[in-house]
Amino acid sequence: MKLEQEKLAVTSLDEQKTGLWDIAFIWFCANVAVPRLMIGGSLAELGFWKLMFIIIVGNILVFLPLLALGHIGYKVKLPTMAASRLTFGIRGSYLPSVANGIQLLGWAANVTVICGSSINAIVESLTGFSSLALWIVVTAVVQLLITAYGFRSITWLQRVSVPLLAILTLVVIVMIFKNYGASSIVHYTPAAAISLLVGLDIVASNAFAWGPMVCDYTRYAKSAGAASWGTLIGSLAGAELFMFAGAISAITTGSANPVDFMLESGLGIPALLIIVLSSVTTNVVNLYSASISFVNVFPKVEPWKIIVPAGAAVGLIALIPNLIGHFITFLTIVGAIFVPLIAIMLVDFFFIKKQKVKADDLLDDTSASPYWYQGGFNWKALVVWFVGIALYNVLTYGWTLLGACVPTFIVIAVLYGVIAKPSDGKKVQA
C-alpha cells in the first residue's frame, strides 16, 4: 500500500469500483463518533416519542441532500471542492475549499480531544495511569498514519470497524434498557423541552457538516446507485444508532457519553474499543477530505504532503486547553458556511446546468474553461452564498423560532434558482 499520491484529476473508469456497501461503511463510520452521542443528548430534551420521530424521519429528510451530492460525485468524478468549480468558478472555488479544509481540521481536533479524554478516563480507571496529552498525541498519530495511505486504506479500516461498532453500540443500548427499564426512558419528562423544529435543526446541522466531503468518496463508486444510496444508507444507520445511544444515555445517566456507565458495568475494554474505533474512523475521513480540499487550491501537490502537516496540526490544535468548550460556536460557524453552499451547488447542478458537465473542463485553469465566468469567479453564486451566511447568523442569534439550517437552505436554494441562468458560463456540451 502506497502513500496517497493522486493529484487533482478526473477519476478513471478503472478506479470507479467501490460498491454500495463500501460507500455505506465509510459514511456509517463517519457518523459514529462522540459528537453524534452529544447531539443525541441534546435531542433527549424532546421527550422519547418526539426524539424517535426526529432521529428517524428528521434524519431521512436532512440527509437527502447528501444523496444528491453523492450523485454529483459519481457524475463529475471529482472531489466536492473541485466539483464546486462548476458553480463558483475556477478561482471562486478556492474560498469554499480553504474554508472546508479549515473546518475539517477543526472537527478532527475536537474529535481527537474527546477521544483522548475518553481513553485517558478509561485507562486511568483500569490502571491508575493518567496522561491526557499522551493519548491525544497517540490518537493524532494513528489517524494520520492511516489517512496518509489514502482512500483504499480508509475503506479497509471501515470494513473491519463497522461490525464491531454496530455490535458494541447495540450491546450498550440493550444494557441501558436492562439496567434502567424501558418505562423510565419512554416516559422521560424533559427538564427544558425543545420544539420539533429545533430538533430538526440539530440533526440538520450534523448532516450538512458532511456535505462538503461526499464527492471525495462517491467519485470512486461503481454506479450512481452505489454513490447515492450508499451515502444515504450509511449516514442514516450511523447517525441514528449513535444519536439514539446518546439520547437514552443522557436520559438515564445524565451524560450522553456512555463511557462512565460502561466502566461502572465492568466494560472498560469494550468502552475503549467504541471510543477509539468511532473516533479514528471519523477522523480519517475528516483528515483525508481536508487534504483533498486543499488540493483543489494546490492541484499539483500530492495529497500525502498535505495530510502529514495537516495531521500534525490537528494534534497541536487538540492540545489547546478547553478546546471542546467552543464546540457549539464552532458548529454555528460550520452551519453558516456550508448550509447555503450546499443549497447553491445542488440547484446549480440539477436545475441550472441540468447535469451537463465536462469534468475535464473543470480542471482547465485558463479563461478558455466554460467555468471561468468573470475572471475565474461566478459572482452571482458567491454573493448568494454570502447572503446565506448572513441569513443563517440572523436566524441563529436573532430569530430562533424556526431554527437556522432548514430555512436557510430553502431560501438560498430558491434565491439562486431565480437569479442564476444557464448562460452565466459558457455553453457546455455534455
Decide yes or no on side-chain contact (heavy atoms from CB on, under 4.5 Å) for Met52 and Phe244, but give the supporting numbers first.
-> CA-CA 8 Å; Met52 294 303 298; Phe244 182 68; 3.5 Å; yes
Stepwise side chain to side chain donor-acceptor pair (under 3.5 Å) test for Asn283 and Thr112 = CA-CA 8 Å; Asn283 263 358; Thr112 300; 3.0 Å; yes
For a 4.5 angstrom cut-off between non-hydrogen side-chain atoms, does [X] reach [Y]?
X      : Y      : result
Ile337 : Phe208 : no
Ile122 : Met262 : no
Phe349 : Lys354 : no
Met38  : Ile114 : yes
Tyr220 : Gln16  : no
Leu391 : Val411 : yes
Gln103 : Ile333 : no
Pro258 : Thr253 : no

Atom [atom1] in [X], atom [atom2] in [Y]: separation rounded to 0.5 Å?
X      : Y      : atom1 : atom2 : answer
Leu362 : Ser84  : CG    : OG    : 9.0 Å
Asp216 : Ser293 : CG    : OG    : 6.0 Å
Ile274 : Ile167 : CD1   : CD1   : 11.0 Å
Trp385 : Thr87  : CH2   : OG1   : 11.5 Å
Met81  : Leu95  : CE    : CG    : 10.5 Å
Leu241 : Leu37  : CG    : CG    : 9.0 Å

Classify the ring geometry between His71 and Tyr74 as parallel (under 30°), tilted (30 to 60°) or perpendicular (over 60°).
-> tilted
Between Phe261 and Tyr180, what is the ring plane arrangement, given parallel below 30°, perpendicular above 60°, and tilted in between?
-> tilted
Could you tell me whether a side-chain N or O of [X] sits under 3.5 Å from a main-chain N or O of [Y], the two making a donor and an acceptor?
X      : Y      : answer
Thr282 : Val111 : no
Gln374 : Trp379 : no
Thr139 : Cys115 : no
Asn59  : Ile55  : yes
Lys380 : Ile419 : yes
Thr18  : Ala221 : no
Ser291 : Ile307 : no
Ser223 : Ala226 : yes
Tyr217 : Val285 : yes

Shortest non-hydrogen separation from [X] to [Y] and the atoms involved:
X      : Y      : answer
Leu277 : Ser161 : CD2-OG, 3.6 Å
Pro212 : Asn100 : CB-OD1, 3.1 Å
Phe63  : Leu236 : CD1-CD2, 3.6 Å
Tyr373 : Leu86  : OH-O, 2.7 Å
Leu395 : Pro407 : CD1-CB, 3.8 Å
Ser279 : Ile275 : OG-O, 2.8 Å

For the rings on Phe88 and Tyr371, is their centre-to-centre separation under 6.0 Å?
-> no
Does Lys353 make a cation-pi contact with Phe351 (under 6.0 Å, within 45 degrees of the axis)?
-> no
[Y] and [X] side chains, donor-acceptor separation under 3.5 Å:
X      : Y      : answer
Tyr392 : Thr332 : no
Thr281 : Gln143 : no
Trp210 : Asn31  : yes
Asn296 : Ser93  : yes
Ser249 : Asn257 : no
Asp361 : Ser369 : no

Can Ile233 and Leu20 be said to form a side-chain contact (heavy atoms from CB on, under 4.5 Å), step by step?
-> CA-CA 9 Å; Ile233 292 169; Leu20 183 148; 4.3 Å; yes
Output, in order, the C-alpha distance, side-chain angles, deciding distance and verdict of side-chain contact (heavy atoms from CB on, under 4.5 Å) for Leu168 and Leu273.
-> CA-CA 8 Å; Leu168 288 169; Leu273 283 172; 3.8 Å; yes
For Phe386, does the CZ atom sit with more than 12 other heavy atoms under 6.0 Å from it, leaving out its own atoms?
-> yes
Going through the checks in order, is the salt bridge (Lys or Arg N to Asp or Glu O under 4.0 Å) test met by Asp365 and Arg85?
-> CA-CA 10 Å; Asp365 291 338; Arg85 294 176 171 211; 2.9 Å; yes
Go through Trp229 and Leu67 one step at a time and tell me if the side-chain contact (heavy atoms from CB on, under 4.5 Å) criterion holds.
-> CA-CA 6 Å; Trp229 290 107; Leu67 181 150; 3.9 Å; yes
